[in-house]
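Note that this is a predicted model, so its numbers are computed, not measured. Letters A, B, ... are given to chains in the order of the sequence lines, protein chains preceding strands, and every chain is numbered from 1.
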Amino acid sequence: MLAVSAPAERPPEAEPSAASGIVVDGLTKQFGGIYAVRDVSLECRVGQIVGLIGPNGAGKTTLMNLISGTLTPTGGAVYLDGKVVSATSPAACAEAGIARTFQNIRLFKRLTVRQNVEVARITRRRLARGAEKAPSVDEILKLLGLDGIAEAKAGTLPYGHQRRVEIARAVALSPRVVLLDEPAAGMNEQESRALIGSVQLIRDRFGCGVIVIDHDLKFIMEVSEYLYVMHLGEVIVSGIPDEVRHDERVIEIYLGRKARK
Amino acid sequence: ADDIIIGYAAAITGLYAPYDSVDGAKCEIDRINEKGGVLGRKLRLEARDMKSDAIASAAAGQELIDLGATAILSPPSDDTSIPIAALAAPMGIPVLSVASTQVQFPAAQPENAYLVPYGDNLSAAAAAEYAIKLGYKNAVLMITRDIGSYGLALPEYFGDAFTHLGGKVLKKINFNTGLSDYSAQLAEIQAMDPKPDVIFGGFITPDGGVFPRQFKAAGLGSIVFMGTDGYDDAGILKIAGDSASAIKFITHGFPTPGSALEEFYADCTKRGYQIQNIFFGLAGEGVLIIKTAIEKAGSAEPAAVNAAIKEITDMKGITTDEITFKDRGGVPIKRMAIVEVKNGAFSLVDHILPQYVPAP
Amino acid sequence: MLELSNIVVQYGVVKAVRNVSLKVGKGEIVALLGPNGAGKSSLVSAAVGILPVAAGAINFDGTDITKKPAEAVVTMGLTLTPEGRRVFADLSVAENLRLGAAIRKDKAGIADDIDLYLKMFPILGERYRQTAKTLSGGEQQMLAIARSLMSRPKMLMLDEPSLGLAPRIVDRIFDLMVELRKTGLTMLVVEQNATEALRIADRGYILASGQLVYEGEAKMMAESEDLMEAYLGAGVH
Amino acid sequence: MEYFVQQVINALSVGSEYALLALGLAIVFSIIGLVNFAHGELITVGGYAIFFTASVFLPSPWLALPIAIAGAMVAAVVFEKVAFRYIRNASTNTGILTAFGVSIVVQNAFIIFVATRPKPVETPGWLSSMVEVGSYRLPVLQILETLVTAIAIGALLFVLKKTTVGMAMRAASKDFIAVRLMGIKANSVIQAAFVLSGFLAGLAAVFIISRRGAIDPFMGSVPVLKAFVACVLGGLTSLQGAVVGGMALGVFEVMLQAFLPQEVTAFRDAIVFTAVAVVLVVFPEGLLGRKVELGDKEA
Amino acid sequence: MSLFLRTSVNAALPILLLVLFGAIVLLFAEPFQVRIAYAFFMNLTIAVGLQVFMGNSGVVSFGHVSFMGIAAYAVALLTIPLSLKKTLIPDAPFGLPEIHLDVAPAVVAALLITTSIAWAFGFVLKRLGGAAAEILTLALLVVSYVVFNAWIDLTRGPRSLYGIPVASSLPWAVAASAVAIFVAKMFRDSEGGLQLRASSDNLLAARAMGVPVERLRHRAWVISAGLVGLGGMLHATYLGTIGPNSYYFTQTFLIMAMVILGGMRSVSGTIVGTALISAGSELARILENGPTILGQKLPTMFGLTGFFLGAVIVLCMTLRRDGILGDDEFEDILRNRRARKAQGAALAADQPAS
Ligand SMILES: Nc1ncnc2c1ncn2[C@@H]1O[C@H](COP(=O)(O)OP(=O)(O)OP(=O)(O)O)[C@@H](O)[C@H]1O
Ligand SMILES: Nc1ncnc2c1ncn2[C@@H]1O[C@H](COP(=O)(O)OP(=O)(O)OP(=O)(O)O)[C@@H](O)[C@H]1O
Ligand SMILES: CC(C)C[C@H](N)C(=O)O
Ligand SMILES: [Mg+2]
Ligand SMILES: [Mg+2]
């Protein structure tokens with residue numbers, strides 16, 4: 001079902017330069033008295049898949065909102081390819097090359113799956129970004145295993161399919177960096193395993209960076225090349241998945257003892 | 001012989017509904033037919049609801065023309081009546097507005113447009129003359145834009161005549177019809193010094209009653225409210241309650257015992273019609289005018305009837321006994337009634353034809 | 001406790017659930033598994049009465065509830081924690097919990113229960129006066145679960161309770177379910193996380209394309225690699 | 001000075017009337033997301049209820065008050081049962097159109113079965129009398145109106161904030177099904193909301209009719225429009241907003257009427273609406289509506 | 001397929017049907033029936049015009065009928081013969097008492113005036129959504145009505161403005177509605193149209209996909225105002241007389257009902273809604289007049305049309321809340337049927353083999 005058949009060759013220029021990708025610098029967001037995000041700095045280069053984990057309420061989604069322009073930061077800044085993008089609007093961020101999915105699914109429910117993807121595609125066409133390597137809508141649908149249901153109204157799909165439509169729509173922007181908020185939620189093991197392939201394929205095919213949040217450990221550990229762990233709004237640990245998995249603090253606050261067995 | 005068709009594009013629903021009366025026209029036609037009709041032919045009424053809407057009005061008018069109407073009675077507002085008259089003009093079909101007192105209608109279509117009632121300038125002048133006669137010196141004009149020129153031009157005519165006769169207009173105050181609260185206007189008058197003796201406006205029900213009611217409640221019961229035919233509705237008496245005694249107005253006629261209007265009302269009630277207000281009588285009068293013209297012309301051919309209307313002089317009508325269309329540009333000159341409220345009922349003061357009449 | 005016989009659920013002409021029968025005995029934990037779009041949510045929604053059944057019968061605690069409206073079913077003691085959290089977005093955490101206990105009259109008991117769940121999910125205590133829509137996804141999920149427990153149901157159906165929860169909290173939820181069973185609560189759990197669900201369940205059902213394709217002991221199911229792989233995509237790497 | 005005080009009192013009572021109506025609209029809106037343009041017809045029904053009972057038998061005009069209120073409350077429940085029940089959680093537009101439909105049906109029913117023309121209606125005489133307060137003579141009606149509105153608003157806010165029914169009402173607006181999952185008869189909860197809105201409309205009807213002394217099939221249209229504007233002005237989802245919006249609108253209208261030169265008052269409604277528009281451009285959430293930063297968590 | 005071509009194909013069917021209907025009326029109907037048909041085509045033009053904004057942006061507009069009024073007054077003020085103008089509006093501003101245009105250039109000028117006003121207003125409107133935007137459009141309606149009524153030097157206020165050359169006829173109305181349908185369908189299917197519809201479905205997601213919501217709303221608003229203005233000119237140049245009351249709430253509600261009843265997100269829905277309400281009113285009107293059926297004279301029952309209109313609206317909305325056609329165009333209805341089958345097959349194929 002998930003198209004494992006799509007071409008998997010890596011773009012030759014995959015070696016990211018320091019300036020290409022997202023750099024988050026000292027980002028802070030306060031809601032009333034609560035620091036949802038506090039002085040967070042992290043990086044996701046183009047071509048890299050970065051994971052973001054942490055307990056519920058750690059501030060992951062908030063961070064994603066800040067990066068995508070959905071919230072304005074109280075302090076700090078977000079840079080895309082060396083330019084500040086924070087404090088602009090979601091549309092401006094999208095135009096700059098930051099695409100995202102939503103934790104609470106936000107599809108255009110009355111439009112078909114194809115039209116959902118088309119909406120993003122139109123923006124890309126307007127910006128004439130990545131024209132040479134941009135896959136067609138059909139290709140994107142196929143990439144995410146949605147080709148059979150392209151004409152169905154997005155609102156009537158089961159949860160798992162809706163998640164994939166969200167991803168398809170985001171990548172249709174041909175973004176520099178795509179942010180995925182719990183893409184594997186509601187998927188079973190097999191599906192989330194297939195999703196790993198899709199995410200990697202997307203990165204390769206579009207040559208973009210990916211920041212992904214998820215609570216599905218198997219999924220996140222396998223898909224991420226680098227992991228940040230947030231707690232109470234701050235990044236407390238970061239490293240490659242294998243290091244993070246065995247970090248005492250991470251086990252204590254997030255994974256739980258059982259995860260070790 | 002075939003029936004002679006009289007069309008009536010009536011405001012049966014919508015904004016103007018209270019001011020048209022299909023029943024009144026029907027009753028007069030019954031009466032005429034009972035006496036053998038006109039020129040040996042029966043009259044037949046074809047009524048269509050124009051829903052107080054301009055497009056629907058034109059369609060209704062067209063339908064009546066298609067049906068072969070000899071003459072058409074039309075709704076109370078000029079923007080709904082003019083298109084009918086325009087459509088009827090090529091055939092020379094006369095179009096008579098049953099309730100409109102607004103002189104714009106005949107002015108727009110002088111060949112074939114008429115009012116059944118007097119024009120606003122005439123009634124306002126009559127009111128002014130009576131006000132002066134009662135010794136009023138200071139007036140306030142109430143202006144509204146919600147009911148065509150009746151709310152706007154009528155008070156101006158009054159002001160013109162009132163000052164011409166030596167009175168003084170202190171102030172013009174705007175209001176909207178249909179509201180329940182006029183305390184802002186009230187306070188404005190309360191603050192005036194000197195206070196007006198009379199307030200004149202193009203009042204209709206229920207506002208015409210709401211004003212004196214609220215003025216009385218605020219201790220300004222001594223100010224007189226004057227208006228014209230919009231007041232001629234028995235509902236006003238109850239709406240205004242004890243403050244109704246402050247109301248005086250000029251209208252088309254009054255059913256005094258022995259008058260044609262009283263006889264008409266009594267006869268129609270007997271026939272099972274319900275008389276709602278003066279517009280019942282006016283609709284009957286519209287039919288009567290057409291009948292008179294047909295007889296005069298000796299034919300039911302529209303153009304001939306149209307020409308005959310223009311020649312009517314001193315016709316005995318239903319609401320009044322003097323109606324003249326000759327040389328009046330479609331707006332008849334009519335004797336009017338002065339009415340006031342006594343013991344909780346309308347009572348006739350006098351009939352009047354004013355001396356000074358402002359230009360339309 | 002709950003018995004579904006030959007249930008059909010339809011959206012327009014599309015049949016989401018076809019002729020499904022299943023049983024949950026008193027005090028049992030039963031897992032309802034199956035891939036995306038299998039019709040799991042449709043089935044439990046129909047059981048509690050928020051979706052109409054096109055055919056079939058539902059019996060709860062000896063009473064036929066096929067045609068009963070959801071509020072009556074809930075009052076009888078069968079509750080659902082719905083898919084997608086559905087917390088009352090404009091109400092505070094406190095008010096959400098209070099509404100969860102709307103059918104109860106015992107003020108003291110309600111207060112005790114609130115304390116209990118705040119202890120279990122401390123973050124909810126910290127967000128007690130905040131409107132629910134500003135909670136994080138996982139916090140909302142905890143609130144939704146706590147809210148449905150507030151009515152002290154006889155039987156609880158949970159639609160993907162682990163969705164969006166941190167692993168540590170997932171453990172806590174499953175532990176909680178084991179605890180609750182000890183108090184006599186009957187449970188039907190819809191899960192994508194088949195391994196975890198079967199670990200605590202007594203029995204399991206597998207739904208695919210709207211039809212029941214397997215039922216059996218949880219332990220047996222968990223051990224059957226074929227089964228896990230074929231329907232649940234779990235167990236093998 | 002006296003003029004000014006007089007106009008301030010006028011402004012307060014007109015503002016109260018708008019607030020009362022706006023509150024009725026806001027309750028229904030905040031509970032089922034319906035902009036109930038048929039709210040005005042509740043007033044009309046209240047008025048006709050007096051008219052009918054009076055034409056059959058009404059020993060005392062005192063009875064007019066409960067009859068109007070009861071009439072409006074019953075009408076509100078009926079509207080909900082035959083129409084609004086079926087469009088719950090539908091889009092705003094569906095709601096607006098359905099409400100228009102209901103109001104057209106009611107208006108035309110009165111046209112067909114009663115008359116287009118206004119009908120006189122009697123209310124107790126003392127309602128339109130005056131009392132002396134200090135050196136001022138004030139209309140009983142205006143004082144009562146302001147007072148009753150204040151009390152009604154207070155009581156209502158208490159009900160909505162503190163009782164389970166109130167909470168359920170607020171919850172039902174966003175997720176009707178979830179409310180039912182709490183074992184709450186959401187239908188009754190919504191009906192309760194309509195009963196409340198009917199009560200407020202009935203109250204307003206009493207005041208309107210005492211002032212006006214007459215009823216007609218269209219008497220509800222202007223008030224409901226004002227109420228709608230007031231609601232949005234204050235912030236549609238907040239009940240306090242409705243009150244503030246109503247007050248603001250009423251006061252502004254009266255003050256314009258009172259202090260603008262005559263030539264300009266012809267444009268009064270245009271000025272009022274322009275001002276409202278300007279306020280909304282500056283505060284799109286209304287005067288009381290706070291813009292909370294929700295990120296991706298907004299509805 | 002290019003957008004223009006696609007629109008041509010999709011719009012052909014409804015337009016042909018309407019033209020056919022117009023031709024039949026013109027050839028066989030009574031003159032008054034022609035007038036009723038004219039009203040239908042005029043309202044259709046206006047309703048489709050309104051649909052362009054409401055249907056795509058999802059924002060309810062109470063204000064479009066003002067564009068009808070603005071265009072009607074503009075064309076009237078430009079075409080009324082000078083001699084008549086001297087008596088009707090001698091003090092009109094902008095040198096109007098001296099200006100006279102033929103109908104064709106006046107229509108162009110009126111269209112320009114209408115769209116310019118819409119364009120200017122659009123700058124304020126586009127930034128708001130939801131109830132605030134609705135009130136803004138309501139304000140537009142009230143303000144323009146008050147201006148028509150109170151700017152007496154320009155419009156004669158509440159008195160009607162007459163003497164407009166009666167230049168329009170049924171074929172013109174048919175043509176105007178065909179243009180409106182074509183434009184509306186083309187906008188709906190255009191890239192901007194799709195993005196705007198997406199934004200009405202989920203605003204935040206649309207913004208996150210880089211949809212320039214404000215700009216698109218503005219565009220829809222202006223196009224829509226232009227089409228409604230066309231309808232206003234049909235009104236003025238057919239009746240020859242206009243007054244402010246034609247451009248207020250009654251007309252607003254009527255048009256809104258036409259748009260929403262059929263399904264406001266689709267142009268086809270608007271056509272269906274307009275047809276249904278027009279046919280229904282006509283039927284009710286015939287019943288109202290007490291027709292003779294099977295030799296039995298029925299009593300006259302005025303007020304029925306209004307009652308009927310309301311009842312149909314309530315009934316339709318309670319049965320089909322998204323309107324009769326929902327979101328679909330005629331062409332979608334067929335395609336969807338096919339798609340549903342395909343979807344069923346795909347989902348079935350999705351399950352792992354047992
Ligand atoms: N608009 C807001 N107002 C107030 N508090 C907020 C708001 N948005 C988020 N918060 C709080 O900020 C914290 C971080 O929320 P966030 O959604 O970023 O968490 P998260 O890491 O994504 O959690 P989860 O894994 O459960 O989705 C939470 O405790 C939440 O209650
Ligand atoms: N509102 C709806 N309209 C039409 N079809 C629907 C609707 N809701 C669900 N369906 C269809 O019913 C089928 C079953 O869906 P359901 O949500 O019950 O599956 P599920 O097993 O819960 O899936 P998931 O694991 O993704 O939550 C799916 O094919 C879905 O497309
Ligand atoms: C408004 C009504 C009282 C009728 C009035 N005579 C008019 O000309 O309009
Ligand atoms: Mg999150
Ligand atoms: Mg599900």
Side-chain angles (χ1 to χ4, degrees), chain C residues 44-45 47-51 68-92 94-105 107 110 130-137 139-140 143-144 147-154 156-159, chain D residues 26-33 85-86 88-89 157-193 235-241 285-286 288-299:
Chain C
V44 289
S45 302
V48 79
I50 57 181
L51 271 183
K68 284 231 159 97
E71 51 269 31
V73 174
V74 172
T75 313
M76 288 174 63
L78 175 61
T79 296
L80 169 72
T81 310
E83 183 174 38
R85 298 152 194 161
R86 304 184 91 151
V87 294
F88 300 123
D90 291 331
L91 268 54
S92 67
E95 290 172 324
N96 265 278
L97 291 174
R98 207 99 49 73
L99 264 193
I103 56 171
R104 288 168 61 186
K105 297 271 175 291
K107 279 209 168 138
I110 294 173
Q130 206 164 308
T131 47
K133 67 180 164 199
T134 65
L135 298 182
S136 84
E139 289 163 355
Q140 291 187 11
L143 178 58
R147 186 184 60 179
S148 31
L149 286 167
M150 286 300 298
S151 69
R152 292 225 177 135
K154 294 184 203 153
L156 177 63
M157 298 190 285
L158 297 135
D159 198 344
Chain D
I27 286 180
V28 168
F29 183 85
S30 64
I31 283 151
I32 59 166
R85 165 161 309 189
Y86 302 98
R88 275 179 203 156
N89 293 356
L157 290 181
F158 175 80
V159 167
L160 287 176
K161 290 277 173 207
K162 299 290 173 203
T163 66
T164 309
V165 181
M167 263 189 268
M169 281 186 191
R170 286 187 292 138
S173 67
K174 282 284 160 59
D175 198 334
F176 185 76
I177 288 175
V179 169
R180 296 178 58 200
L181 282 177
M182 301 300 109
I184 298 168
K185 284 199 187 114
N187 273 332
S188 326
V189 168
I190 289 180
Q191 261 177 25
L236 235 187
T237 48
S238 123
L239 299 181
Q240 292 96 319
E285 314 292 315
L288 281 205
R290 279 169 302 139
K291 175 84 192 151
V292 252
E293 251 197 311
L294 290 172
D296 71 337
K297 295 187 166 70
E298 67 191 34

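The side chain to side chain donor-acceptor pair (under 3.5 Å) contacts involving residues 162-172 of chain D comprise C:E95-D:R170, where partners must be two or more places apart or lie in separate chains.
When heavy atoms are compared at a cutoff of 4.5 Å, C:T79 approaches chain D solely by way of its side chain, counted from C-beta outward. The part of C:R98 that comes within reach of chain D is its side chain, from C-beta onward, which places non-hydrogen atoms under 4.5 angstrom from that chain. Both the backbone and the side chain of C:P69 come within less than 4.5 Å of a heavy atom of chain D. Only the backbone of C:L135 comes within less than 4.5 Å of a heavy atom in chain D; its side chain stays farther off.
For D:A178 against C:R86, the heavy-atom pair with the smallest separation is CB-O, 3.7 Å. Taking all atoms of both residues into account, the shortest heavy-atom contact from C:I103 to D:G183 is CG2-O, 3.5 Å. Heavy atoms only, all atoms of each residue included: C:F88 and D:V179 are closest at CE2-CG2, 3.5 Å.
Ranked by heavy-atom pairs under 4.5 Å with chain D, the list C:L99, C:T75, C:L80 is led by C:L99. Taking chain D as the reference chain and counting heavy-atom pairs below 4.5 Å, the highest number among C:T134, C:T131, C:V74 is found for C:V74.
Proximity of D:I177 to C:P82: side-chain heavy atoms (C-beta onward) are nowhere separated by under 4.5 Å. Residues D:M182 and C:M150 have side chains not in contact (no heavy-atom distance under 4.5 Å, counting atoms from C-beta outward).
Of the options C:V73, C:T81, C:I50, a side-chain contact (heavy atoms from CB on, under 4.5 Å) to D:L181 is made by C:I50 and by none of the others.
Among residues two or more places apart in sequence or in another chain, the salt bridge (charged side-chain N to carboxylate O under 4.0 Å, His left out) test is passed with C:D90 by C:K133, D:K174.
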